Trainee: 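This structure is in structure tokens; I'll ask about it shortly.
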Amino acid sequence: MSTIEPSVTAEPKQCSCKGEEQLHSPKHSSSCQCKSHQSEGSKPKHSCGCKHEDHAATEELSQSLIDKLVASLADKNDYQAKLNCFKKHHPSIRIIECSEDDMAEREAFMSASYFDLFLMAKGTSCARLTNSVDLAIGLVIALHEE
């Protein structure tokens, strides 16, 4: 003998997703029917406003990562926001900011319009610079004086 269970209908719930206040009935208790959740192809924006993929905390420094940073810092007006965003998404990469005067006559690994970039070498003793991405654990950004 089969038992027929009465159909259960979900009560409409107040949506609190991204400021929308439309009533909806979720298919599952954790799923939302909001317009803001329906575009599966779009990447979520992070609190810093970027669309970066999240990276592992142990991500290593690479030439492509350096190139992305330099490209994102191209506009001096957005420098601090873009650098903070990079630091947030790449916490394992050490970054030091200083003045170009602090680097004396050292040759930069890379130069941009308003800063020079140096590579910090791996090591357990004193801080040192390198020109090898394979030996680097961080970056020194030396801002040009105006």
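Just so we're clear, the structure is a prediction, and the values are computed from it rather than from any experiment.
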Trainee: Check whether any side-chain N or O of Asp102 sits under 3.5 Å from a backbone N or O of Ser99 as a donor-acceptor pair, and report yes or no.
Mentor: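 Judged by distance alone, yes, a pair lies under 3.5 Å.
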Trainee: Determine, using the 4.5 Å side-chain heavy-atom cutoff (strictly less than), whether Tyr114 and Met103 are members of one ILVMFWY cluster.
Mentor: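 No, because Tyr114 and Met103 fall into different hydrophobic clusters, even though each may have its own neighbours under 4.5 Å.
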Trainee: Is a side-chain donor-acceptor pair under 3.5 Å present for Ser62 with Ser64?
Mentor: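 Judged by distance alone, the side chains do pair up.
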Trainee: Check Lys82 against Leu73 and note the closest heavy-atom contact, atom names and distance.
Mentor: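 Looks like CB-CD2, 3.7 Å.
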Trainee: Evaluate the ring planes of Tyr79 and Phe115, with Trp represented by its six-membered ring, and classify them as parallel (under 30°), tilted (30 to 60°) or perpendicular (over 60°).
Mentor: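 It falls in the tilted class, 30° to 60°.
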Trainee: Quick one: closest heavy-atom pair of Glu100 and Ala142, and the distance?
Mentor: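 Nearest heavy atoms, Glu100 then Ala142: CA-CB, 3.9 Å.
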Trainee: Are any non-hydrogen side-chain atoms of Leu129 and Phe109 less than 4.5 angstrom apart?
Mentor: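 They are not in contact (no side-chain heavy atoms under 4.5 Å apart), so the answer is no.
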Trainee: Nearest 0.5 Å, what's the CG-CG distance between Leu143 and Asp101?
Mentor: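 It comes to 11.0 Å.
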Trainee: Count the heavy atoms belonging to other residues, nucleotides or ligands that lie under 6.0 Å from CD of Glu107, then report whether that count exceeds 12.
Mentor: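 It does not: Glu107 CD has 12 such atoms or fewer within range.
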Trainee: Nearest 0.5 Å, what's the CD-CG distance between Glu97 and Leu139?
Mentor: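 Between atom CD of Glu97 and atom CG of Leu139 there are 11.0 Å.
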Trainee: Return the minimal non-hydrogen interatomic distance between Lys88 and Pro91, and the atom names on each side.
Mentor: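 It is O-CD, 3.7 Å.
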Trainee: Taking all non-hydrogen atoms of both residues into account, name the closest pair between Ile93 and Gly138 and its distance.
Mentor: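 Ile93 and Gly138 have their closest heavy atoms at CG2-CA, 4.3 Å.
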Trainee: Determine whether Leu61 and Leu135 fall in the same hydrophobic cluster, where Ile, Leu, Val, Met, Phe, Trp and Tyr are linked whenever their side-chain heavy atoms lie under 4.5 Å apart.
Mentor: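 No, separate clusters.
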Trainee: Out of the candidates Asp67, Leu69, Asp116, only one should pair with Met110 under the side-chain contact (heavy atoms from CB on, under 4.5 Å) rule; please name it.
Mentor: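 Among Asp67, Leu69, Asp116, the one that satisfies the side-chain contact (heavy atoms from CB on, under 4.5 Å) with Met110 is Asp67.
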Trainee: Using the rule that Ile, Leu, Val, Met, Phe, Trp and Tyr join whenever any side-chain heavy atoms are under 4.5 Å apart, tell me whether Ile95 and Phe118 fall into a single cluster.
Mentor: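 The answer is no; the residues belong to distinct hydrophobic clusters.
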Trainee: Distance from Lys122 atom NZ to Ile137 atom CD1, nearest 0.5 Å?
Mentor: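 It comes to 8.0 Å.
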Trainee: Membership question, hydrophobic clusters at under 4.5 Å side-chain separation (ILVMFWY): are Phe86 and Ile141 in the same one?
Mentor: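 Ile141 and Phe86: one cluster.
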Trainee: Would you say Leu65 and Leu119 are hydrophobically clustered, going by side-chain heavy atoms of ILVMFWY under 4.5 Å?
Mentor: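 Same hydrophobic cluster.
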